[in-house]
Amino acid sequence: ILAEGDSGRRSIGGGSPLSWVSEAMQSYAMQPEAKSLNRTTVVAIYDHNLVAVVERISDHLPYNERSEDMPRQRLRFVRAKEIIIATGAIERPLVFSGNDKPGVMLAGSVRAYVNRWGVLPGRRAVLLTNNDSGYAAALDFQAAGGEVVAIADLRPQVSGPLPEAARRSGIK
């Protein structure tokens, strides 16, 4: 179902990933036994599939939109029939000497500066990566006017559309 388009953008079922997610969520919401807990984080998993989750009820709302009887958060315990653990949603930094110096940042941070805020976080960059997100950050950084000196990939074998796009754009 997942395909790479001509522009290098991914598609699911012929449409954008966001439209696929929207359709899937609408279909899920129509199920009578389904309940969606947005802004909810699993904080513990106990024996026999007992799961503790913290639902943020009003933390995201501006103070003038919160009522006094509205809780900030709610702790729920859910007994799940099945649990799927999907790790990797949070980017983790690579550990090396000097990784806390100014200018050293995660690939997601580079992309946020460039794409969300329109800020180039430096003029020249070397990207150290162990996955394709480093290539996406390098391409975005270069497209915004920065010079990518090189990408150092820790993986023994590197292939795929993003590394190929980086090579085509002249990044070492």
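Quick caveat, the model's predicted, so the values are computed rather than measured. Excluded from the calculations below are hydrogen atoms, water molecules and symmetry mates; all remaining heavy atoms, backbone and side chain alike, are included.
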Side chain proximity check, [X] to [Y], heavy atoms < 4.5 angstrom:
X: Asp59; Y: Arg39; value: no
X: Val54; Y: Arg74; value: no
X: Val53; Y: Thr41; value: no
X: Asn49; Y: Glu82; value: no
X: Asp140; Y: Val110; value: no
X: Arg167; Y: Val158; value: yes

Hphob cluster co-occupancy, [X] + [Y], side-chain heavy atoms under 4.5 angstrom:
X: Ile85; Y: Val42; value: yes
X: Val149; Y: Leu94; value: no
X: Leu50; Y: Val43; value: yes
X: Leu154; Y: Leu106; value: no
X: Met25; Y: Met30; value: no

Return the minimal non-hydrogen interatomic distance between [X] and [Y], and the atom names on each side.
X: Gly160; Y: Pro163; result: O-CD, 3.4 Å
X: Ala107; Y: Ser133; result: CB-O, 3.8 Å
X: Leu139; Y: Ala166; result: CD2-CA, 3.8 Å
X: Ala137; Y: Arg111; result: CA-CG, 3.6 Å
X: Ala52; Y: Leu75; result: CB-CD1, 4.4 Å
X: Ala138; Y: Val148; result: O-CG2, 3.5 Å

| remark: With sequence neighbours left out, the residues meeting side-chain hydrogen bond (donor to acceptor under 3.5 Å, both in side chains) with Arg155 are Asp132, Asp153

Please round to the nearest 0.5 Å and tell me the distance separating atom [atom1] of [X] and atom [atom2] of [Y].
X: Ser109; Y: Arg116; atom1: OG; atom2: CZ; result: 9.5 Å
X: Ile57; Y: Arg66; atom1: CD1; atom2: CZ; result: 11.5 Å
X: Asn130; Y: Arg92; atom1: CG; atom2: CZ; result: 8.5 Å
X: Lys172; Y: Ile151; atom1: NZ; atom2: CD1; result: 12.5 Å
X: Glu91; Y: Asn131; atom1: CD; atom2: CG; result: 7.0 Å
X: Glu147; Y: Leu120; atom1: CD; atom2: CG; result: 11.0 Å

| task | Count the heavy atoms belonging to other residues, nucleotides or ligands that lie under 6.0 Å from CZ of Arg79, then report whether that count exceeds 12. | result | yes

| task | Any pair with a residue in residues 97-146 that passes ring pair (Phe, Tyr, Trp, His ring centres under 6.0 Å), sequence neighbours left out, goes on the list, sorted by first then second residue, please. | result | Tyr113-Trp117

| field | Verdict with reasoning, Arg76 to Thr40, per side chain to side chain donor-acceptor pair (under 3.5 Å) | value | CA-CA 10 Å; Arg76 294 178 183 260; Thr40 302; over 6 Å; no

| query | Going through the checks in order, is the side chain to side chain donor-acceptor pair (under 3.5 Å) test met by Ser16 and Ser19? | reply | CA-CA 5 Å; Ser16 76; Ser19 65; 3.2 Å; yes

